[in-house]
Engineer: 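Sharing a structure below in structure tokens format, with a few things to ask.
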Amino acid sequence: MSKVVTPYQNEQVTKKEQVADMFNNISKTYDFLNHFMSLGIDIIWRKKAINELKHDKPGHILDVATGTGDFAFEALTILKPEKITGVDISRGMLDIAEQKIAKRKLGHKFSVKLGDSEKLPFGDTEFDAVTVAYGVRNFENLEAGMADIFRVLKPGGKVVVLEFSKPRTFPVKQLYNFYFKYITPGIGKLFSKDARAYSYLPESVAAFPDGKNFTAVMDKVGFKNTKNRALTFGICSIYTGVK
């Protein structure tokens, strides 16, 4: 069993409560820092993940841990579904998403809801596809979260998970670890005033059971044809599975 890593290391408060607080704290600078710290590569990763659903042509997509909605907006452009519903545990992040939806006049296509990713506020077999970008490592109970995603998917529906992973080849591994451990928290503190949030990022990635360990969790909860595709020397990975 992997160690549970929490944002603020407060044993009196659950991981999901700490994650919600953390994202509320950094919501206003989240988009800027994502693009800045990844040198814009995160935009390319998102597009690659969304393209995994291109042949499936899902009508109704659930975007779990939707945050400020960037992944969902990109999915609307590429996939042109009838509707995307986003769910997130952070009210602060959803406030930003709602501002973007209103500004782009996309309320008829994209709506967001406050909710727990491990106890999704939706009925069984409700969605054609489920996406999660950089969210599963924040689940308090990874297996429970993936099982609930499986529950809300229609039979034959696909899940696409985009998540950071751990490079294992020299010198990418060493450079990545240095950047994540020393540079990321400094940049985070400078712009978001919450250094701990950006120290939690490398800790949560290190603790996350990536690669075959994560597809094993997907297999266990019922997904079929699970696959793992590494991106950019293994810095990020796309996971897919079918119900």
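Note that these values count all heavy atoms, side chains included, but never hydrogens, waters or copies made by symmetry. Small disclaimer: the values here were computed from a predicted structure and weren't measured.
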Engineer: Quick one: does any side-chain atom of N24 pair with a main-chain N or O of G92 as donor and acceptor, under 3.5 Å?
Structural biologist: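 Confirmed, N24 side chain pairs with G92 backbone.
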Engineer: Could you tell me which residues satisfy ring-ring contact (aromatic ring centres under 6.0 Å, His included) with F73, sequence neighbours excluded, listed by chain and number?
Structural biologist: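 Here the qualifying residues are F110.
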Engineer: Roughly how far, to the nearest 0.5 Å, is the OG1 atom of T232 from the OH atom of Y176?
Structural biologist: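 The OH atom of Y176 sits 11.0 Å away from the OG1 atom of T232.
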Engineer: Flag the pair V64 / T131 as yes when at least one side-chain heavy-atom distance between them is below 4.5 Å, and no otherwise.
Structural biologist: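 No, side chains not in contact.
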Engineer: Between A230 and S237, what is the shortest heavy-atom contact and its length?
Structural biologist: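 So the minimum-distance heavy-atom pair works out to CA-OG, 3.9 Å.
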Engineer: Determine the minimum heavy-atom distance between P58 and L53, stating which atoms define it.
Structural biologist: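 Heavy-atom minimum between the residues: CD-O, 3.5 Å.
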Engineer: Do the charged groups of K100 and D70 touch, with an N to O distance under 4.0 Å?
Structural biologist: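 Yes, this pair counts.
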Engineer: Strictly distance-based, threshold 3.5 Å: is any side-chain N or O of K80 a donor or acceptor partner for the main-chain N or O of T77?
Structural biologist: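 Yes; judged by distance alone, with no hydrogens or angles, the pair exists.
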Engineer: Please assess T226 against T215 for the test side-chain hydrogen bond (donor to acceptor under 3.5 Å, both in side chains), listing each intermediate value before the final yes or no.
Structural biologist: CA-CA 6 Å; T226 55; T215 53; 4.8 Å; no
Engineer: The criterion is ring-ring contact (aromatic ring centres under 6.0 Å, His included); which residues satisfy it with F178, sequence neighbours excluded?
Structural biologist: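 F178 satisfies ring-ring contact (aromatic ring centres under 6.0 Å, His included) with Y182 once adjacent residues are dropped.
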Engineer: Can a salt bridge be assigned to the pair E52 and R229 using a cut-off of 4.0 Å between side-chain N and carboxylate O?
Structural biologist: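 A salt bridge is present here (some side-chain N lies under 4.0 Å from a carboxylate O).
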Engineer: Please determine whether the number of non-hydrogen atoms from other residues, nucleotides or ligands lying under 6.0 Å from atom NZ of K173 exceeds 12.
Structural biologist: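 Not more than 12 within 6.0 Å, no.
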Engineer: Kindly check if the number of other-residue, nucleotide or ligand heavy atoms within 6.0 Å of CD (Q174) is above 12?
Structural biologist: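 Counting other residues, nucleotides and ligands, CD of Q174 exceeds 12 neighbours.
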Engineer: Let me see the working for V159 and V161 under side chain to side chain contact (heavy atoms under 4.5 Å, CB included), right down to the final yes or no.
Structural biologist: CA-CA 7 Å; V159 64; V161 174; 4.0 Å; yes
Engineer: Evaluate the criterion side chain to side chain contact (heavy atoms under 4.5 Å, CB included) for residue pair F208 and V5; output intermediate values, then yes/no.
Structural biologist: CA-CA 9 Å; F208 180 70; V5 174; over 6 Å; no
Engineer: Between K119 and D148, is the closest basic N to carboxylate O distance under 4.0 Å?
Structural biologist: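 Between K119 and D148 there is no salt bridge, as every charged N stays at least 4.0 Å from the carboxylate O atoms.
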Engineer: Tell me the salt bridge (charged side-chain N to carboxylate O under 4.0 Å, His left out) pairs involving residues 156-167, sequence neighbours left out?
Structural biologist: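 Applying salt bridge (charged side-chain N to carboxylate O under 4.0 Å, His left out) to every pair that reaches into residues 156-167, excluding sequence neighbours, yields D56-K158, R137-E163, K166-D210.
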Engineer: Taking the basic N atoms (NZ, or NE/NH1/NH2) and the acidic carboxylate oxygens, is any pair closer than 4.0 Å for E126 and K154?
Structural biologist: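 No.
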Engineer: For H55, I'd like to know if atom NE2 has over 12 heavy atoms of other residues, nucleotides or ligands within 6.0 Å.
Structural biologist: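 Result for NE2/H55: open.
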Engineer: About how many Å separate CG of D95 and OG of S90, when rounded to the nearest 0.5 Å?
Structural biologist: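 Between S90 OG and D95 CG, I get 8.0 Å after rounding to 0.5 Å.
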Engineer: For F164, enumerate each residue passing the ring-ring contact (aromatic ring centres under 6.0 Å, His included) test, keeping only those at least two apart in sequence or located in another chain.
Structural biologist: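 Y134, F180.
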Engineer: Given K83 and T85, is the side chain to side chain contact (heavy atoms under 4.5 Å, CB included) satisfied, shown in steps?
Structural biologist: CA-CA 7 Å; K83 187 181 180 185; T85 300; 3.9 Å; yes
Engineer: Would one find more than 12 heavy atoms of other residues, nucleotides or ligands at under 6.0 Å from atom NZ of K109?
Structural biologist: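 More than 12 within 6.0 Å, yes.
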Engineer: Find the distance between NE2 (H60) and CZ (F127) and round it off to the nearest 0.5 Å.
Structural biologist: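 H60 atom NE2 to F127 atom CZ measures 4.5 Å (nearest 0.5 Å).
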Engineer: I'd like to know if the side chain of D128 and the backbone of G157 have a donor-acceptor N/O pair within less than 3.5 Å.
Structural biologist: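 Checking the backbone N and O of G157 against the side chain of D128, no donor-acceptor pair under 3.5 Å is found.
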Engineer: Restricting to ring-ring contact (aromatic ring centres under 6.0 Å, His included), what partner residues turn up for Y200, sequence neighbours left out?
Structural biologist: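 For Y200 there are no ring-ring contact (aromatic ring centres under 6.0 Å, His included) partners, ignoring immediate neighbours.
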Engineer: Is there side-chain contact between K243 and K224, with heavy atoms separated by less than 4.5 Å?
Structural biologist: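 SC-SC contact between K243 and K224 ruled out.
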Engineer: Output the distance between atom CE (M22) and atom CE (M93), rounded to the nearest 0.5 Å.
Structural biologist: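 Going from CE on M22 over to CE on M93, the span is 8.0 Å.
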Engineer: Answer whether the closest heavy-atom distance between the side chains of L175 and F170 falls below 4.5 Å.
Structural biologist: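 Of all side-chain heavy-atom pairs linking F170 with L175, none is under 4.5 Å.
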Engineer: Could you check whether the rings of F150 and F223 sit parallel, tilted or perpendicular, using 30° and 60° as the cut-offs?
Structural biologist: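 Perpendicular, since the angle between the ring planes exceeds 60°.
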Engineer: Measure across R151 and L120 and return the closest heavy-atom pair with its distance rounded to 0.1 Å.
Structural biologist: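 Heavy atoms of R151 and L120 come nearest at NH2-O, 3.1 Å.
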Engineer: Using atom types as modelled and distance alone, determine if a side-chain donor or acceptor of S165 lies under 3.5 Å from a backbone N or O of G234.
Structural biologist: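 Yes, S165 side chain to G234 backbone: donor-acceptor pair under 3.5 Å.
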Engineer: Side chains of D124 and V152: closer than 4.5 Å at any heavy-atom pair?
Structural biologist: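 No, their side chains stay 4.5 Å or more apart.
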Engineer: Considering only residues two or more places apart or on different chains, which pairs with a residue in residues 176-186 satisfy salt bridge (charged side-chain N to carboxylate O under 4.0 Å, His left out)?
Structural biologist: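 Counting only pairs at least two positions apart or across chains, no salt bridge (charged side-chain N to carboxylate O under 4.0 Å, His left out) contact touches residues 176-186.
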Engineer: Using side-chain heavy atoms (C-beta onward) and a distance below 4.5 Å, is V217 in contact with D219?
Structural biologist: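 V217 does not reach D219 side chain to side chain.
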Engineer: In this structure, would V242 and V136 fall into the same cluster of hydrophobic residues linked by side-chain contacts under 4.5 Å?
Structural biologist: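 No.
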Engineer: How far apart are the closest heavy atoms of P121 and V87, and which atoms are they?
Structural biologist: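 Closest approach of P121 to V87, heavy atoms only: CD-CG2, 4.1 Å.
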Engineer: Work out which heavy atom in G211 is nearest to a heavy atom in Y239; give both atom names and the distance.
Structural biologist: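 Of all heavy-atom pairs spanning G211 and Y239, the closest is N-OH, 2.8 Å.
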Engineer: Say you draw a straight line from CG of N51 to CD of E74; how long is it, rounded to the nearest 0.5 Å?
Structural biologist: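 N51 CG to E74 CD: 9.0 Å, rounded to 0.5 Å.
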Engineer: Show the nearest heavy-atom pair for residues A75 and P81, with the distance to one decimal.
Structural biologist: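 Shortest heavy-atom contact: O-CD, 3.8 Å.
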Engineer: Do D88 and T66 meet the criterion of a side-chain donor-acceptor pair at a distance under 3.5 Å?
Structural biologist: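 No, because no side-chain N or O of D88 sits under 3.5 Å from a partner of the opposite role on T66.
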Engineer: Assess whether a salt bridge exists between R91 and E98, defined as any Lys/Arg side-chain N lying under 4.0 Å from an Asp/Glu carboxylate O.
Structural biologist: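 Salt bridge between R91 and E98, a charged N being under 4.0 Å from a carboxylate O: yes.
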Engineer: Show the numbers, then the answer: is there a side chain to side chain contact (heavy atoms under 4.5 Å, CB included) between L114 and I89?
Structural biologist: CA-CA 6 Å; L114 188 68; I89 202 169; 5.7 Å; no
Engineer: If hydrophobic clusters are built by linking Ile, Leu, Val, Met, Phe, Trp and Tyr wherever their side-chain heavy atoms come under 4.5 Å apart, do L201 and I41 end up in the same one?
Structural biologist: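 Yes, L201 connects to I41 through the hydrophobic network.
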Engineer: Rounded to the nearest 0.5 Å, what separation is found between the CD atom of E82 and the CD1 atom of I61?
Structural biologist: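 So the CD of E82 and the CD1 of I61 are separated by 10.0 Å.
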Engineer: Group every Ile, Leu, Val, Met, Phe, Trp and Tyr by side-chain heavy-atom contacts under 4.5 Å, then state whether I96 and F23 land in the same group.
Structural biologist: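 Cluster IDs for I96 and F23 differ.
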Engineer: Is it possible for you to say whether V205 and Y179 belong to one hydrophobic cluster, with membership spreading through side-chain heavy-atom contacts below 4.5 Å?
Structural biologist: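 Yes, it is one cluster - the side chains of V205 and Y179 are joined through contacts under 4.5 Å.
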Engineer: Under 3.5 Å, is there a donor-acceptor pair linking the side chains of E17 and T14?
Structural biologist: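 Side-chain D/A pair, E17 to T14: present.
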Engineer: Any chain of hydrophobic side-chain contacts (each under 4.5 Å) joining I44 to L162?
Structural biologist: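 I44 does not cluster with L162.
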Engineer: Could you tell me if the side chain of I78 sits less than 4.5 Å from the side chain of K47, heavy atoms only?
Structural biologist: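 Yes, close enough: below the 4.5 Å cut-off.
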